[in-house]
Asker: 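Would you mind keeping the following structure in view while I ask a few things?
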Amino acid sequence: MLTGRRLVVDSSRTLRSLRFSSTSATSDKYKIVVVGAGSGGLSVANQIYDRFAAAGKSLNPGDIAIIDSAEYHYYQPGWTLVGSGLRSKSTTRQPLESLIPKHLTHISENVKTFFPESSSITTTSGRSVSYDALVVATGLQTNWSGIQGLPQALVDSSSGVSSIYSYDTCDKVWNDIESLRNGNAIFTQPAGVVKCAGAPQKIMWMALDRFKRTSRADKIKVNFYTGMPTMFSVKKYSDVLDRLRQERGVGGYFQHNLISIDSPNHKATFKKADGTTVDVDYTTLHVTPPMGPLDFLKGSPIVDSAGWVSVDPATLQHTKPEYSNIFALGDCSSAPTSKTATAVIAQAPVLTENLFSVMDTGKVSTAKYDGYTSCPLLTGYGELLLAEFKYGLEPKETFPWMDQSKPNRFFYHLKKDLFPVAYWNLMVKGKWYGNKTIFRPSFSS
Ligand SMILES: Cc1cc2nc3c(=O)[nH]c(=O)nc-3n(C[C@H](O)[C@H](O)[C@H](O)COP(=O)(O)OP(=O)(O)OC[C@H]3O[C@@H](n4cnc5c(N)ncnc54)[C@H](O)[C@@H]3O)c2cc1C
């Protein structure tokens, strides 16, 4: 029953989008429900639709529902380019509705609760939606309030405090870099999981290069304060980055975790590994906030003790046999790899194949995810170090004949020019397979 709800019905008379104004409970059933329409959700929903079609078992329009109340879909890797003055921020988002093809049903709400025993979810309006198979792709939570004084400092245009980690603040980063004339420029990275663990230092390298190119570098001291013990998790790349840091005169403060900001006095307080704190004066401060699992997932029956959706790291199917119709990918999943869009690119076809196989035969296929992820580490204008690795922090490089730990211009143009185009034109449509370009990986049977 849909009384009291605004429906948008497309020309083929399939239900395209539901926006609800009432809170009375009602129930819908879909073959496949995808929760979250970010990088992972959009890619995989399209790939699943295409996979059934390729097997001659086409789904009907509306058999797949994608649930997400967001008004916009964001190309988050683009925020580093905005902070570096290479893009305007409007190029990093598009209305979500415009990216969902007609054959997918868009439910413009958020999920509140998972009921895996009855293969159903409820939305924030109290609506119940059931499924044959579920994909969770809700991303992670950025904990802005995890650093005392950060939210206030970010909204103050004269604070000198900024972050590439949101659409709202990424352009402030470039303004702060451009307006700095002298003093102490601090770039931070928290201890623990963050999206694209290289991004906190990418923006630092870009700022440093910009200071040099505009003859300000001798008056500005650049320092990297990180909660982590090294520059990067993979030793091969970390060693190169630490060498660069020393050659370029950047201060390195490891296991220093930013805990509070006194914006009026331009002081940042860091907690060290031994539990003591240190106050540091800054002129400008770029903050990478702490991140973690989404609040609404914590305590849900589908997550592990930390709050990540508990999946087999290779098949991306839920670890509990009784929830074998549930899969997850991207930042919300427990797969022990770094949280990146490139990990999503490698995960989506594996998840698609296994979900298709479970629905078709009752069992997962041979498709396995090996933990592949990559981090295009900008080290300056016109240069980039392309870190690529898999589970176990073992390098897995696309260009083995090149030294990928050596920053070069070709990689820089991949990140700056090719990846954004591939993202908007192919990835959100489920047609981009990373280093396999538009060719879907094949999985032996
Ligand atoms: C500054 C920055 C730089 C980055 N640089 C890179 C890079 O260079 N390379 C790279 O590969 N990756 C990079 N990333 C990481 C990359 O953007 C993410 O890893 C990727 O977007 C994860 O995709 P996802 O689908 O898991 O989550 P997201 O893309 O974040 O999407 C999650 C979706 O779930 C929705 N959602 C949340 N809660 C609910 C709910 N309760 N119900 C329904 N929907 C919900 C949200 O509205 C959102 O649309 C960067 C990220 C940032 C922030």
Side-chain angles (χ1 to χ4, degrees), residues 33-45 65-84 89 92-94 96 99-100 106-114 121-125 129 135-142 162-167 169-170 173 189 193-203 286-289 291 293-297 300 308-309 328-333 335 337-348 351 372-378 384 386-388 411 414-416 419-420 422-423 427-428 432 434:
V33 166
V34 177
V35 186
S39 306
L42 273 189
S43 308
V44 90
I66 187 156
I67 307 181
D68 193 328
S69 71
E71 190 181 355
Y72 290 100
H73 175 103
Y74 297 94
Y75 176 58
Q76 300 167 37
W79 295 341
T80 314
L81 301 175
V82 176
S84 310
K89 75 174 180 178
T92 67
R93 74 175 188 185
Q94 289 190 25
L96 175 56
L99 300 175
I100 300 184
H106 178 206
I107 300 177
S108 184
E109 284 207 67
N110 269 0
V111 167
K112 188 171 175 215
T113 316
F114 293 90
I121 56 96
T122 55
T123 66
T124 41
S125 75
V129 177
V135 179
V136 188
T138 46
L140 58 64
Q141 184 165 298
T142 304
S162 63
S163 179
I164 54 168
Y165 273 86
S166 81
Y167 182 82
T169 57
C170 60
V173 176
Q189 173 161 359
V193 168
V194 293
K195 301 190 217 207
C196 190
Q201 66 178 287
K202 291 179 198 174
I203 192 64
H286 178 272
V287 180
T288 301
M291 298 173 207
L294 286 154
D295 282 341
F296 94 101
L297 281 174
S300 135
W308 306 112
V309 183
L329 83 165
D331 294 354
C332 71
S333 100
T337 189
S338 67
K339 311 278 188 199
T340 64
T342 41
V344 164
I345 291 169
Q347 291 166 3
L351 189 158
Y372 174 83
T373 184
S374 95
C375 184
L377 251 149
L378 291 157
L384 186 144
L386 186 57
E388 289 180 288
F411 296 150
L414 291 182
K415 160 90 186 159
K416 182 172 99 52
F419 293 164
Y423 188 86
M427 183 168 168
V428 292
W432 179 249

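Scope of the values below: all heavy atoms of this structure, side chains included, with no hydrogens, waters or symmetry mates. When a ligand or atom number is given, it counts from 1 through the structure's own listing order. Start at 1 with the first residue, then count along the sequence.
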Asker: Just to verify, what does Ser338 make a side-chain hydrogen bond (donor to acceptor under 3.5 Å, both in side chains) with, not counting sequence neighbours?
Answerer: Thr373
Asker: Applying side-chain hydrogen bond (donor to acceptor under 3.5 Å, both in side chains), name anything that partners His73, two or more places apart in sequence or on another chain.
Answerer: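 So His73 forms a side-chain hydrogen bond (donor to acceptor under 3.5 Å, both in side chains) with Tyr423.
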Asker: Going by side-chain contact (heavy atoms from CB on, under 4.5 Å), Cys332 matches just one of Leu140, Thr138, Val35. Which one?
Answerer: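 Per the side-chain contact (heavy atoms from CB on, under 4.5 Å) rule, the option paired with Cys332 is Thr138, out of Leu140, Thr138, Val35.
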Asker: My understanding is that only residues two or more places apart in sequence, or in another chain, count here; which of them pass side-chain contact (heavy atoms from CB on, under 4.5 Å) with Glu388?
Answerer: Tyr372, Ser374, Leu386, Glu397, Thr398, Gln404, Asn435
Asker: Give every pair made of an N or O atom of ligand 1 and a protein N or O atom lying under 3.5 Å apart, one pair per line with both atom names and the distance to 0.1 Å, or write 'none'.
Answerer:
unit_1: ligand 1; atom_1: 8 (O); unit_2: Lys202; atom_2: NZ; d: 2.8
unit_1: ligand 1; atom_1: 8 (O); unit_2: Lys415; atom_2: NZ; d: 3.1
unit_1: ligand 1; atom_1: 11 (O); unit_2: Ala341; atom_2: N; d: 2.9
unit_1: ligand 1; atom_1: 11 (O); unit_2: Thr342; atom_2: N; d: 2.9
unit_1: ligand 1; atom_1: 11 (O); unit_2: Thr342; atom_2: OG1; d: 3.3
unit_1: ligand 1; atom_1: 12 (N); unit_2: Ala341; atom_2: N; d: 3.0
unit_1: ligand 1; atom_1: 19 (O); unit_2: Asp331; atom_2: OD1; d: 2.9
unit_1: ligand 1; atom_1: 19 (O); unit_2: Asp331; atom_2: OD2; d: 3.3
unit_1: ligand 1; atom_1: 19 (O); unit_2: Lys339; atom_2: O; d: 3.4
unit_1: ligand 1; atom_1: 19 (O); unit_2: Thr340; atom_2: N; d: 3.4
unit_1: ligand 1; atom_1: 19 (O); unit_2: Ala341; atom_2: N; d: 3.4
unit_1: ligand 1; atom_1: 21 (O); unit_2: Ser39; atom_2: OG; d: 3.0
unit_1: ligand 1; atom_1: 25 (O); unit_2: Ser39; atom_2: N; d: 3.3
unit_1: ligand 1; atom_1: 25 (O); unit_2: Gly40; atom_2: N; d: 2.7
unit_1: ligand 1; atom_1: 26 (O); unit_2: Asp331; atom_2: N; d: 2.9
unit_1: ligand 1; atom_1: 29 (O); unit_2: Ser39; atom_2: N; d: 3.1
unit_1: ligand 1; atom_1: 29 (O); unit_2: Gln76; atom_2: NE2; d: 3.4
unit_1: ligand 1; atom_1: 30 (O); unit_2: Gln76; atom_2: NE2; d: 3.0
unit_1: ligand 1; atom_1: 34 (O); unit_2: Thr138; atom_2: O; d: 3.4
unit_1: ligand 1; atom_1: 41 (N); unit_2: Val111; atom_2: O; d: 3.1
unit_1: ligand 1; atom_1: 42 (N); unit_2: Asn110; atom_2: OD1; d: 3.4
unit_1: ligand 1; atom_1: 42 (N); unit_2: Val111; atom_2: N; d: 2.9
unit_1: ligand 1; atom_1: 47 (O); unit_2: Asp68; atom_2: OD1; d: 3.0
unit_1: ligand 1; atom_1: 47 (O); unit_2: Asp68; atom_2: OD2; d: 3.3
unit_1: ligand 1; atom_1: 49 (O); unit_2: Asp68; atom_2: OD2; d: 2.6

Asker: Say you draw a straight line from OG1 of Thr288 to NZ of Lys195; how long is it, rounded to the nearest 0.5 Å?
Answerer: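 If I round to the nearest 0.5 Å, the distance is 12.0 Å.
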Asker: To the nearest 0.5 Å, tell me how far Tyr74 OH sits from Ser39 OG.
Answerer: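 Spacing of OH (Tyr74) from OG (Ser39) equals 13.0 Å.
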